[in-house]
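What follows is a single structure, written as C-alpha cells, with notes after it.
When reading the values below, keep in mind they use all heavy atoms of this one structure, side chains included, and skip hydrogens, waters and symmetry mates. A, B, ... follow the sequence lines: proteins, then strands. Residue 1 opens every chain. Treat the numbers as computed from the prediction; the structure is a model and nothing was measured.
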Amino acid sequence: MPGMEGTELRIIGFLCNWCSYGGADTAGVSRFKQPTDLRIIRVPCSGRVDPLLVVKAFMEGADGVLVSGCHPRDCHYSEGNFYARRRLEVLKRFLPFMGIEPGRFEYTWVSASEGARWQKVVTDFTDQVHALGPRRNFGEGNGGGDIR
Amino acid sequence: MVSREARFLATDNIPALLRRLGNTYRVFAPVKVSDTIVLFQEFAESAGLALDEQTTLPPKELLFPQTEGLVSYRYRKDAEDLEKSEVQVEETLEAPPTIIFGVRPCDARGLTVFDAVFTDGQWRDPYYKARREATTIVTVLCTQPESTCFCTSVGGSPTGIEGSDIILTIVTGGYVAEPVTEKGETLLQDEAFTPAGDKAGEAGEAREKVSVERELELDGIAEQLLDIFGTDFWEQVTAKCISCAACTYVCPTCFCFTITDDTTGIEGSRIRTWDSCMFYLYTLEASGHNPRPTKTERYRNRIGHKFSYHPTSYEGMFGCSGCGRCIKVCPASLDIRQVLREAKAHG
Amino acid sequence: MAILDKLKDGVQRELEGLEFVIGWEQGYDPLHASPLFIRTPGDIDRLIWNPLCVHNLASYLPSLKGRRVGILLKGCDSRSVIQLLQEGLIKREEIVIFGIPCRGVVDLSKIKSRIDTSQMRAVSLMDDAVVIEIPQGREEIPLDDVLATKCLSCQYPTPLIYDHLAGEVLPPQRPTEVLYKEVEVIEELDVQDRLAHWERELDRCIRCYACRNACPLCVCQDYCAAESRNPRWLSQRAGVSEKVMWHIMHALHLAGRCTDCGECERACPMDIPIQRIRRKINKEIKELFGYEAGVNPEDTPPLYTFKVEEPTIQEREW
Amino acid sequence: MRIGVFVCHCGTNIDGTVDSHQVAEEAKKFPHVVYATDYLYTCSEPGQQEIQQAVGEHDLDGVVVAACSPRMHENTFRRTIERAGLNRYMFEMANIREHCSWIGEDREANTHKAIELVRMAVAKVANHVHLHPSYFEVNKRVLVIGAGVAGMQAALDCADGGLDVVLVEKKSSIGGRMAQLDKTFPTVDCSICILGPKMVDVGQHEKIKLCTYSEIEDISGYVGNYTVNIRRKATYVDWGKCTGCGLCMEKCPSKKAYDYHNEGIADTTAINISFPQAIPKKATIDPEYCRQFTKGKCGVCAKVCPLGAIDYEMEDEIVAEEVGAIIVATGYGLLNMEELGEYGAGRYPDVITGIQYERFLNASGPTQGHVVRPSDGEEPKRVVFISCAGSRDASLDRPYCSNFCCMYIAKQAILTRDHIPDSEVYVFYMDTRSPSKGYEEFIRRAQEEYGVQYVRGRVSRIYPKGKRMVVRGADTLLGTQVEVETDLVVLATAATCAPEAEELAEKLRISYDEYGFYMESHPKLRPVETNTSGVFLAGACQGPKDIPAAVGQGSAAASKVLSLFSKDQLESDPQIAQVMELRCVGCLKCADTCPFQAIEEKELPDGRVVGHVIETVCQGCGLCTSICPSGAIQLQQCTDNQLIAEVEALCQAWRERSSG
C-alpha cells in the first residue's frame, strides 16, 4: 500500500476488554475521528499485560506502545490494574535507560463510557510518537555516539 | 605438508598486508573490544590488533557461526486455489574467501576436531565444509603459556601446526611465516612477505624455548571415565557447577548444535544454533522425560564426551585442545584439569 | 580469633548435622577462589576467606531445597537469602548460616583490565592493597580501585541473617551515593547514544545464560522462558534485538527482587556490564516504593503487591 | 490449520470507509487461510449460514470474522461455528468497525488497517486450541441491594418465581424514594397507596429475607457462588421485641433530630419510626441526637418501652449470606442544592427542592398536605418551579437530563393549583420532556386546564424582596427578561448517583460511568446485565428513570436471574488460566497475587509442588500469566504465544510495508 508509506507510524495498543476496549468501541460508535496508526490488541485486563509484551513489540519494530486499562478501583477483576500500574510505571521509567525514548511508551486508564477521552488519548499519543518519528531499533543501522 | 620455505613479515607491514588481502578476502583478526575482551573482528586499521593475548572466544564462530541460516523458505499460495500451496526453499549458505589472522595453535588444532566430525567422516556438513575450504588460518605460535594452558596434556603444542595454513613465529621486528598448506603458500606470495634470511634460524630457536608443562597424564582416561560412570564422583565434582553454557560456548572444540524452524507468517528460515550439553533442554524429550536431568549427568557427559567417547570414535583424538578458556570463564572456577586428575585418581 | 579460624571452628561444630557446608577454597591460580563443598572434617582445612571470595554462594540454595546444608555468607549474600526466604523459595530451618562481616571483595575484571594476569605468579592481599607478581615485576594496586562496585557503597557489611557470626558486627562504612554512579553516566547520555551503548555491549552476548544460572533469584533455571517455545519470547535468530530482549526479560523478572549481588555480571564471560540494567531498575524501585530487596524476610516484593493510592506514581494526564 | 475469513460490510458502516472486498482478497494470502470472502451483513441469518456452509465445504477448523466489536457479536459467531460443528472457541473477531471504519475517513488507510487487524486475528486463531466448559453448582439464592420500588419488584418477582431472596436496604424501612412521594404522574394516584401493598407483600413474603438498616460490607465469589458480608447497623432497638407501638417516640425528649424521610422540612425524635407505613415498622435510635449518646444519660425510651427492646450497647453486626446472583437497585441521589448558588438555595428558606415540596404536599407529611412557606408558615400564593436545576448543565459537569423532573414539576404544579385554588404557578424550563404514554397530555393539562404558566428560559438569579422572592430570568421565546415575585421557589434538583455508588460498584466489580451511574452490558440489548456475570441492574442506579421504567427493570432483572437459575449447573467459562505442570517451578507467585484466590498448591506424585487453578473460581483475568516468570501458567485464549503471534504478525506486516 504505497500511499501509506511515511504517513503512518507503527503503534500497538494493549487494551483491557472491560474498560478501554469498550471505551474505544464507544469512541467508534460516537464516530469520534482518530488517527489510523494504532492497532489494538484485546486482553482481558491491564494486569494481563506482561511488560515483556511491550518490550517484545519494541524489539519487533514498534514505534510506540500504549497500554490502557480500567481506572484504578474500577478493575473488572478488582486488582489487576493496581498491579499493572506498578509494573508499567517501572517499565516506563526503565525503557529510556535502554535507549527507547520516553514518550514511545505510555499507559493510561480509559473507561468504557469515555469515548471522548479515548479519542484524545489516541490522538495525543499518536501525535507524540509522530513528533519522535520512526524509531531506530537495536541492530538497525548505526546510532553514532557512545560512552567514553 | 608443502615445503616450509620461511618468509619474513615485518610488524609494520601487517596493516598493509591485511588491507590488501581485504580486497579479495574477508579478513578477521583479534581486536580488543573492551578492557578485558578480545574478539576476532573484521579487520579495520583503526581498531588495532591484539596479537599478544588469547582471544576471549575461539575463531570457531567464523566457520561455525553461533547462529546460521541453513535455508529460508516461503509458502506460496495459489491465488486461484487457496488449498494449493508450494514451498519455495532457498539455501542460504555463504562462504566467501576468508582469512583468520592471529589464531593460536590450540584453536587451530581445535578445528581439526570439527574437521573430523564435519568433513572427514561418514557425514559431511556442507556449510562447515564450504567455509573451512574457503578459509585460510594464519596462526601465531605461542611464546608464553598462561596459567590455564594445558595444550601439551591433550596432545597439542604451543608451537603446533595442526589445523593451520600458515604459522607465524615471533622474531625481532616481526614474524617468520611458514606455510603449512597450499592455501597458506598462496598467501605468502604477497609482497609483504620478504625472504626470511637468518630470521628463520631465530624463529627456530624461539620455538625451541617455548614449553608448556604437560601437567596431565591422560593415558587410559577414556576407560577410566567409563569405569567411574556410575559413581558419586560426579555429584561431588559438579557441586559447584552452575550449569551455564559458558564453558561450551568458549570451547574451540564443542560443536553441538540445534536446528529450529523460525516461521513468521508464511515465511521463515531453518536456523542452526550452537547448543550446549550443559543445558537442561539439550536432552529434554517431548514426553517431559529428561535422561540428563541434573548438572551432574550433564557435566559427566561433557567430560565423558571430550575424553572418552570422542577419542573412541575418532582414533584417540580428544575433544579438547587445552586452550583453558573453560577454566577462565567458569563463574565457579571449576577447573577441568582438576576434574580429570581426580577422575584418574578416583576408585 | 581470626575470622577464618572462627569459621572453621563453627563449621567443625555444625558439620555433623549437615549434608555439607558451602564455602570457598583456593582456585586454579592465586587470583581465583572457587566454591568449596565441605562434606567431611578433612575438607575444612581447604576453607579460605579473603577478598577473592567473590562468589555469592546463596545461588546454590534454591536447588538444594529439602536438604540440610550450611553456608558461608557475606553481608550482601545474606540479602539473597532473605529474598529467597521472602518468596518461600528456600526454608530457613534447612539452612545453617555462617555470617561473615566483610570489608569488600575484588572485582577480578577490574584487576584484569589493569594488568595482564595471564602469567601471574603470586598474589598477596594486604589490608588496603592487592599485590600481584607478574613476569614484568610486582604490581601493587590499592584495594579500593579493584573492589566490586557494590562494595564501594556497601550498606550491609554484616549479614542481615545468620546463625553464627564470625567476628564482630561491622557498621556500614561506605557512602551510599556512589551506588548509582555508573547508572547515572548512562542516564546522562543522549537517548540515541544509550541505544548505541547497549547495542554495542549486548551484541557481545553469546546467550550462554551464565548470568541467569549464576543469579540466586532466577528460580526458573531449566524452565526459563527465554528458551521455551511455549511461551516463545525469543527465537534462536541472530541479532542484537533478541539479546536485548533476553537481558530485559532477566532484568524485569528481577524487578523488585534483585539484591544487587552482581553475580550476573561477574559470571558473564564477555564482561558485559549487565548489573547496571538491574541497578537502574533497583534505583527506580527504591524511588517509587522506597524498597530495597532482601532486607526484611517479612516484606513482599513491590511488584507483587500494590496500594490503592500510589502517592509516588504520577500518572500521565491526557 | 484451515482458517476461513469472513469480512463484513455491515451495509456501509464498514464498507463505506473500508474496502471490505479487498480485505478479504488480502486475507487469502495469509498463512492457514484457505477461504476468505466478504458479505453484506455477516451477522444476518444468511451471513451466518454462509459461515456454517463454508466450515463444511472447506473443512475449516478456525474462523475469523472481521466485523464489529467482539463485545457485540463474539458470542453470536461462536454459536454459529458451534452449529457448524466447530469448537466455539476456535474463533476470533477483527474489529474493523468501531476501531476502524467508524473512526477514520481515509479509505486507503482504513483498508490497510483492516487488513492488518485481520492478519493479527488469523495469527491468533492459528494458536487457538479447543476449549471445553466445565459445570458447577449454583446457589439459587439471590441478593437484592436496595428496596426501592425497583428492588422490591425484583425481589417479589424472584420470590414468586420460587427463589430465596435476601433484600438489603440501607434505610430502616423499605420503600425508597417512592415512599416519600405524594402522588405519581400522569395518573395522580396516591404513591403510598399503590406502593404500600407492595411493601406489605415484600415484608410478608416467606421467601424474602429482609435486611433493612444494613449495608454491603464486601462481596467475594463469582456467579452462582457469591459470599456477601452484610453490615447490620446498630439500631439500638431489639427489633425482635419492638412492636412499633410508638410510645418511645411520644416520650423521647430529643425532638430536634433530622427527619430524613421528610427531607429536613420538619424535625423528628431521636428514636423514631421513619414513617407510619414503614416496613418493618420498628424504631431506630439516631445516636447523633439521642441524649443517652450525646450527654451520656437519659434512658427515657428504655424506661417507657413496655417490651424492654431498647439496647444502648448494641453494635453493628456482620452477617454472611451465600447467594448465586445479585440484583443492584440502589436508586439515585439528589444534587445537594447548595451547589446551586445562583438560586440562593440553602441560603433562602423559601427556595426548596422538589422532593421537599413533595413532603409538603403529602397528606402524611409534617404539614398534613398543607403547602406552607418554610420561612413563616404562610400559604404561598405564587409558586415558581425551576427545572434542570443542575441537570443539563455542562458548567456543573452534569450534562445529562435527570429524566423525570419535567413530569413531576407538572404534577406538583397541578397539585399546587388543587391545594391552593387561588395560587399562581410558574415553571421555568429549558425543554419539556414527556415521551411516555400519557405524559405529553399531562403537561398539556397542567398548562391548559390548570393554567400553569410555562416560561421557556433559564433563571439567572433569585433574591429576596421583603417576605417574597424575586426570580429573574430570560424568556427565550419572547426574547425578554422576566422577573416574577413569588412566595416559594421549587428547584427540580438534578438526580445524581446514589451516595457511595462508586464504592459499592468496586465491591461488586461492576463499571460505572463518570457520574457514578452503573454501566449496563449493552445500552440497548443488555440493559439490565452488567459485565460481571451474575450481577444485574434495576432502576435508577443505572441512570435516572421514572417509576414504570424502574419497575420494568426490576422485573427484567428478576427474569434474568430466574433464567440464569433455570439450570441446576452453570457452565464455567473455559477461558481461564491453566498450569503447564511440566514447566511450573512452584514459586507460587501466581497464587500470591491472584485476586480470586483461584490458585492453590498441588503436590505431584514425584513430590514436586506446582500451582493448580481452581476452574470455577478463576475469572480469567490473566494476572498470573503476566506474573509467572517461566510462563508456566497461561490464560487460555490469551496465552503469551497468542499475544506474541499477534504482535509478530503485525510487525511483519509493517516490515513488509516499509520494504515495499
Partner chain B: residue of C/Ser235, C/Cys224, C/Gly27 with the largest heavy-atom pair count (under 4.5 Å):
C/Ser235
Non-hydrogen atoms of chain B under 4.5 Å away: do they reach the side chain of C/Tyr60, the backbone, both or neither?
side chain
Atom group of B/Thr273 that falls short of 4.5 Å from chain C, counting heavy atoms:
side chain
Toward chain B, the part of C/Asp29 with a non-hydrogen atom under 4.5 Å
side chain
Give a yes or no on whether B/Glu94 atom CD has more than 12 heavy-atom contacts from other residues, nucleotides or ligands under 6.0 Å away.
no
Donor on one side chain, acceptor on other, B/Arg325 and B/Thr55, under 3.5 Å:
yes
Can you say whether C/Arg266 sits under 4.5 Å from chain B via the side chain, the backbone, both, or neither, judging by heavy atoms?
side chain
Under 4.5 Å heavy-atom distance to chain B, tell me which part of C/Tyr223 shows up: side chain, backbone, both or neither.
side chain
Atom CD of residue position B/Glu90 - does it have more than 12 heavy atoms of other residues, nucleotides or ligands inside 6.0 Å?
no
Below 4.5 Å from any heavy atom of chain C, which atoms of B/Ser276 appear? Answer side chain, backbone, both or neither.
neither
If you tally heavy-atom pairs under 4.5 Å against chain C, which of B/Glu61, B/Gln338, B/Gln144 wins?
B/Gln144
For the ring pair B/Phe255 and B/Phe64, is the centre-to-centre distance below 6.0 Å?
no
Among C/Arg39, C/Lys112, C/Arg114, single out the residue with the greatest number of heavy-atom pairs under 4.5 Å to chain B.
C/Arg39
Between B/Asp335, B/Ile37, B/Val329, B/Thr294, which has the largest tally of heavy atom pairs under 4.5 Å with chain C?
B/Ile37
Part of C/Glu242 within contact of chain B (heavy atom distance under 4.5 Å)
neither
Given that the side chain runs from C-beta out, which part of B/Lys32 has a heavy atom under 4.5 Å from chain C: side chain, backbone, both or neither?
neither
Per-residue tally against chain B (heavy atom, under 4.5 Å) across C/Arg121, C/Arg212, C/Arg204, C/Glu263 peaks at C/Arg204
So does C/Arg232 have more than 12 non-hydrogen atoms from other groups sitting under 6.0 Å from CZ?
yes
Can you confirm whether B/Thr98 sits close enough to B/Phe28 that some side-chain heavy atom of one is under 4.5 Å from a side-chain heavy atom of the other?
yes
Using heavy-atom distances under 4.5 Å, tell me whether B/Asp261 contacts chain C through its side chain, its backbone, both, or neither.
backbone
Select one option (side chain, backbone, both, neither) describing which atoms of B/Cys326 are under 4.5 Å from chain C's heavy atoms.
neither
Pairing donors with acceptors under 3.5 angstrom, does anything connect the side chains of B/Gln54 and B/Lys328?
yes
Side chain, backbone, both or neither: which part of B/Leu39 has a heavy atom under 4.5 Å from chain C?
side chain
Please rank B/Pro145, B/Cys244, B/Cys247, B/Ser147 by heavy-atom pairs under 4.5 Å with chain C and give me the top one.
B/Cys244
Could you tell me if B/Thr36 and C/Asp271 have a donor-acceptor pair between their side chains, going purely by distance under 3.5 Å?
yes
Under a 4.5 Å heavy-atom cut-off, does chain B meet the side chain of C/Phe37, its backbone, both or neither?
side chain
Taking every non-hydrogen pair under 4.5 Å, which of C/Gln221, C/Glu227, C/Gln119 racks up the most with chain B?
C/Gln119
Whatever's closer than 4.5 Å to a heavy atom in chain C on B/Ser269 counts as neither
Name the region of B/Arg337, side chain, backbone, both or neither, that has any atom closer than 4.5 Å to a heavy atom of chain C.
side chain
For C/Arg229, is it the side chain, the backbone, both, or neither that has a heavy atom closer than 4.5 Å to a heavy atom of chain B?
side chain
Could you look at B/Gln236 and say if it's the side chain, the backbone, both or neither that has a heavy atom under 4.5 Å from chain C?
both
Check whether B/Leu281 gets within reach of chain C through its side chain, its backbone, both or neither, counting any heavy atom under 4.5 Å.
side chain
